[in-house]
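Residue numbers begin at 1 in each chain, while the letters A, B, ... track the order of the sequences.
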There are 4 protein chains.
Amino acid sequence: MLKKLEESKLIEILETGISEFSQYGIEKTNINIVAKKAGVSVGVLYKYFKSKDDFFMACLKHSLAVLSNVIGEALQGEQKILARAEKLIRAVQKNAREHENYNAMYHEITSGSFKKHSAVLAKEIESISAKVYAEFLLQAQKEGEIRSDADPRLFAFFFDSLLITLQFSYSCDYYRERFLIYCGEDILDNDEKVVKELLKFLESAFTTSQSEIKHA
Amino acid sequence: MLKKLEESKLIEILETGISEFSQYGIEKTNINIVAKKAGVSVGVLYKYFKSKDDFFMACLKHSLAVLSNVIGEALQGEQKILARAEKLIRAVQKNAREHENYNAMYHEITSGSFKKHSAVLAKEIESISAKVYAEFLLQAQKEGEIRSDADPRLFAFFFDSLLITLQFSYSCDYYRERFLIYCGEDILDNDEKVVKELLKFLESAFTTSQSEIKHA
Amino acid sequence: MLKKLEESKLIEILETGISEFSQYGIEKTNINIVAKKAGVSVGVLYKYFKSKDDFFMACLKHSLAVLSNVIGEALQGEQKILARAEKLIRAVQKNAREHENYNAMYHEITSGSFKKHSAVLAKEIESISAKVYAEFLLQAQKEGEIRSDADPRLFAFFFDSLLITLQFSYSCDYYRERFLIYCGEDILDNDEKVVKELLKFLESAFTTSQSEIKHA
Amino acid sequence: MLKKLEESKLIEILETGISEFSQYGIEKTNINIVAKKAGVSVGVLYKYFKSKDDFFMACLKHSLAVLSNVIGEALQGEQKILARAEKLIRAVQKNAREHENYNAMYHEITSGSFKKHSAVLAKEIESISAKVYAEFLLQAQKEGEIRSDADPRLFAFFFDSLLITLQFSYSCDYYRERFLIYCGEDILDNDEKVVKELLKFLESAFTTSQSEIKHA
DNA sequence: GATGAATGAGCGTTCATTCAT
DNA sequence: AATGAATGAACGCTCATTCAT
C-alpha cells in the first residue's frame with residue numbers, strides 16, 4: 001500500500017521530468033522546478049536519482065519502455081512484409097500522438113551535450129529493432145518478397161530511418177513544421193494518406209524486381 | 001578594406017561558434033570561450049550579435065548557406081530521377097564528412113530548448129528543398145518515371161527523410177552509432193555500398209509500377 | 001534492563017559519532033550517516049541530542065571522560081617529579097595510540113566554527129589538569145625539585161603544552177606529519193627515544209638550578 | 001597603475017578570506033559572503049581562484065608568507081642560543097597579536113576536513129623551521145651550550161612545540177582561554193613575565209648539564 | 001570603437017532537522 | 001516511543017551579459 005503510493009509518486013516524478021525535459025531540453029530543465037511541479041521536494045528527487053543526468057536517464061528509460069512495447073505489439077504474428085510495415089506505421093502514428101513527450105525524449109539524446117553517452121545509448125536502444133528489422137527483411141527476402149540483391153541490414157536501416165523521421169514528425173516541433181511544409185498544413189489530420197503513400201513508397205522497395213542499377 | 005577585415009573576422013567568429021556549438025550543444029557552449037578561441041573580445045561578439053541565441057542563429061545561417069549550395073549543385077542540369085538521387089546521395093556523403101559541424105548545427109535546432117524557433121527555422125530551411133524535390137518528382141511523374149498514383153509531396157518528404165537521416169549518420173554521434181549498429185562497423189568505409197543499396201531501395205519507389213496497394 | 005539496553009545503544013551512537021567526527025571534522029560529518037552506521041534512526045539521535053552541535057558536545061564529553069582517567073591514573077601516588085613526568089609521557093603515548101579518535105575530537109574543538117564554545121569548553125577541560133599540574137609543581141618547588149624562581153603556573157602551562165603537542169603528534173594527521181619531519185620517519189616506532197629525550201629536555205627545567213637570567 | 005589597483009584588490013580579497021576563514025573555519029565560511037565583504041562579485045573571486053579550497057590555500061600562503069618573515073628576522077645574526085630563543089618568543093608575541101588571523105589560519109589546517117592536504121602542507125610549512133632549529137641546536141651543542149647527549153632534532157621539536165602553542169595561545173580562542181586558565185586572567189597583559197618564565201624553562205634544557213637520566 | 005574585467009542571477013546538490021505514521 | 005521519508009534552506013560555482021575604460 002505504501003509501496004503503491006511510492007511507486008505512483010515515482011512515476012509522477014518521471015512523467016514530470018519527461019514533460020520538462022522534452023519541453024526545455026536537458027540543460028535548460030531546472031531540477032528544482034521539476035520537483036515543485038511533481039509536488040515533491042528536491043530532496044526526494046535526489047533520494048531516487050543521484051544526479052540530474054541520472055534522473056534524465058531514468059526518464060529516458062521510462063519513455064523507451066513504453067515505446068518498445070509499441071514496436072513489439074506491432075510485430076506480433078504477422079506474415080506479409082507490407083502488412084507488417086503498415087502495422088508499424090500506424091503504431092508510430094498512434095504512439096507518437098499519445099506519447100509525444102516520450103518520443104521527444106528519444107530525440108533529445110541524439111543532440112546537445114549528451115554526446116558522451118551516444119555509444120552506450122545507441123547500442124541499448126537501437127540494437128533490438130536493428131536486429132528485428134534485419135531478420136524479418138532477411139526472411140522476406142528468402143520468401144521472395146524483397147529483391148534478392150538487397151542487403152537486409154541496409155534496407156532495415158532505410159526503413160527505420162523513414163519510421164523514426166515519421167515519429168519525430170508527429171512529436172517534435174521542428175520535424176512537425178517540416179512535415180507540414182513538405183506535405184501540407186492538413187497532413188496531421190490525414191493519417192490515412194500518410195499510411196497509403198508511405199506504403200506505396202515502400203511497396204516497390206519491398207517487392208521483388210528484376211531491374212538492376214548500373215553505376216559508372 | 002576595413003570592411004573586408006571585419007568580414008573575415010566575422011567569418012572566423014562564426015566558424016569558431018559552429019565548431020563549439022556542434023561539439024558541446026547550445027547550452028554547454030561558453031560564449032567567453034568562443035570569443036577567446038576566435039581571438040576577439042566578448043564585447044565584439046556582443047556588438048555583432050545581441051545574444052547567445054542570436055549568435056547561434058547566425059552560426060546556423062552560415063552553416064546552411066554552405067549546405068544549401070550542396071543541394072543546388074547536385075541538382076544542376078540532370079534529367080533522370082535516379083541519376084539525380086545518386087548525385088544527391090553522393091553529395092550528402094561528401095558534404096556530411098567535409099562539413100560535419102555544419103550538419104551537427106542543423107541537427108542541434110531540432111531538439112533542446114530551441115523549440116520557440118522551430119516554425120520560423122523550418123520554414124526558412126525546409127521550404128526550398130521541399131519545393132525543389134516536389135517539383136522534380138512531379139516532373140518525373142509526368143514523364144512516367146514515378147508511379148502515377150504517388151503524391152509528389154509525400155514522396156519528396158520520404159526521400160528527404162532518407163537523405164537527412166543519412167546526413168546525420170555521417171555527422172552526429174548518436175546517429176553514427178545507430179548507423180554502425182544497423183549496417184556494420186565498417187559501413188563508414190564503404191560509401192559505395194550505401195549509395196548502391198539506397199538507390200536499390202529508391203529505384204522501385206521511383207520507377208513506375210502497375211501494382212496498387214489495397215488497404216482494408 | 002530497558003535502561004541498560006538504551007545505555008549501551010547510546011554509547012554505540014557516541015562511539016560512531018566520535019569515529020565520524022574525528023575522521024571528517026564537525027561540518028563534514030553527516031548526521032544521517034552517523035545514525036545509519038550506529039544502527040539507529042535519525043529520530044532517535046535527535047531524541048537524545050537536540051542538534052548536531054549538541055551531539056558533537058556529547059561525543060566530546062564521552063571522549064574526555066576516557067582521557068581524563070589517563071591523567072588521573074598517571075598521577076597516582078608518585079613522588080619525584082621526573083618520575084611523574086615520565087609516567088605522563090608514557091600515558092600520553094599509549095593513550096594517543098589507543099584512543100586516536102578521542103584525541104582527534106579534542107583537537108577538533110580548538111579550531112573551525114566551534115569558537116562560540118571556546119570559553120566554556122576550555123574551562124571545563126583544562127581547569128582540572130591546570131590545577132593538578134600547578135599544584136604538584138608547587139609541591140615540587142617546595143621540595144627543591146624545581147628552581148625557586150619559577151612560576152609554577154607558567155611552568156605547568158609549558159609542560160602541558162609539550163604534552164598536548166605530543167598527544168596530537170600521535171593522533172592528528174597534520175601534527176603527525178610535522179612530528180615525522182622534525183624527528184625522522186621512524187619516530188613513531190621509537191617511543192622510548194621520545195620519552196628519553198623529552199625527559200632530558202624537562203630534566204633541567206624541572207631540576208633546581210642556580211643560574212639566573214638577566215634580560216636587558 | 002591598473003596593476004597596482006588589482007593587486008590591492010587581490011590582497012583585500014585574501015585578507016577578507018583570512019578573516020572569515022579564521023572566524024568560521026573552512027566549511028562554514030561562505031564564499032558569497034566573503035565576496036560581498038571584500039566588495040567584489042563572486043565572479044571575480046572565481047577568476048582569481050579556481051575553487052573554495054584553492055582560495056583557502058591562497059589565503060593560507062598569504063598568511064604564512066608574513067609568518068615566515070617573523071621567524072626569519074628573529075634569527076638574524078644572533079649567536080647565543082637563549083638570546084635567539086628570546087628573540088623568537090618576543091617575535092611570536094608580537095606577531096600573534098598583530099596577525100591574529102594569520103595564525104588562526106595556520107591552526108585551521110591542523111584539523112577539520114583538511115586532512116587530505118596534511119602531508120603536503122606539513123612538508124611545505126614545517127620543513128624550513130625544522131631544519132633551521134635542528135641546525136642551530138646542533139651548532140649550540142657543538143659549542144657546549146646544550147647537553148651533549150641531546151638529540152638536536154627532538155629538542156628542536158620540543159622547542160617548536162612550545163613556540164606554536166604559545167602562538168596559538170595569543171591567536172586562537174580555545175588556546176587563549178586555556179592560557180588564561182593556566183596562567184591567570186592577566187597573563188595577556190604580562191608579556192614580559194611569559195618571556196622570562198619560558199626562558200627559565202628553556203634555560204636549563206638548553207644549557208649543558210652533567211646529569212643523566214636512568215630509566216628502568 | 002574595442003576591450004575584457006566584473007557582475008550576479010541562477011542552478012545542481014547536500015544535509016540538518018522535522019513530523020506523520 | 002521509534003522510524004526514516006520528506007523537507008527546503010543554503011551554498012559552491014558558472015557564465016551570459018554589461019559597461020567603464
**Asked** Can you find a side chain N or O atom of Asn30(C) that sits less than 4.0 Å from OP1 or OP2 on dT14(E)?
**Response** no

**Request:** Can you tell me the distance, in whole Å, between the CG atom of Asp53(D) and the C1' atom of dC13(F)?
**Result:** 13 Å

**Request:** Find the distance Glu20(B):CD to dC15(F):P and express it as a whole number of Å.
**Result:** 12 Å

**Any donor-acceptor N or O pair under 3.5 Å, side chains Ser22(B), Asn101(B)** = yes

**Fill in**
Re dT18(E): Watson-Crick or G-U wobble partner, both distances kept under 3.5 Å, found to be dA5(F)

**Item:** Glu15(B)-Tyr102(B) side chain donor-acceptor pair, cut-off 3.5 Å
**Value:** yes

**Request:** Rounded off to whole Å, could you give me the NZ-to-P distance for the Lys9(B) and dG1(E) pair?
**Result:** 17 Å

**Fill in**
Sorted by position of nearest nucleotide on DNA chain F, 5' first, the leading residue of Ile31(D) and Asn32(C) is Asn32(C)

**Request:** Round to the nearest Å and state the distance from Glu27(B) atom CD to dC11(E) atom C1'.
**Result:** 13 Å

**Request:** Please find out if less than 6.0 Å separates the ring center of Phe56(A) from that of Phe49(A).
**Result:** no

**Request:** Would you kindly compare Lys50(A) and Ile33(A) by the position of their nearest DNA chain E nucleotide and give the one closer to the 5′ end?
**Result:** Ile33(A)

**Item:** Residue pair Thr110(D) / His107(C), side-chain donor-acceptor N/O under 3.5 Å
**Value:** yes

**Item:** Residue mapping more 5' on DNA chain E - nearest nucleotide basis, Ser51(A) or Lys52(C)
**Value:** Ser51(A)

**Pair Phe55(A) + Phe21(A): ring centers closer than 6.0 Å** = yes

**Message:** In this structure, how many angstroms lie between the P atom of dT14(E) and the NZ atom of Lys36(C), rounded?
**Reply:** 14 Å

**Asked** What is the distance, rounded to the nearest whole Å, between atom CG of Leu10(B) and atom P of dA2(E)?
**Response** 12 Å

**Prompt:** In whole Å, what is the span from the OH atom of Tyr46(D) to the P atom of dG10(E)?
**Reply:** 19 Å

**Asked** Under 4.0 Å between a Lys/Arg side-chain N and an Asp/Glu carboxylate O for Glu20(C) and Lys37(C)?
**Response** yes

**Message:** Could you tell me how far apart Met57(C) (CE) and dA16(E) (P) are, to the nearest whole angstrom?
**Reply:** 17 Å

Please enumerate all protein N or O atoms sitting under 3.5 Å from an N or O of nucleotides 1-3 of chain F, with distances to 0.1 Å.
residue: dA1(F); atom: OP2; partner: Lys47(C); partner atom: NZ; Å: 3.3
residue: dT3(F); atom: OP2; partner: Ser41(C); partner atom: OG; Å: 3.3

**Message:** Is the distance between the ring centroids of His117(B) and Tyr174(A) under 6.0 Å?
**Reply:** no

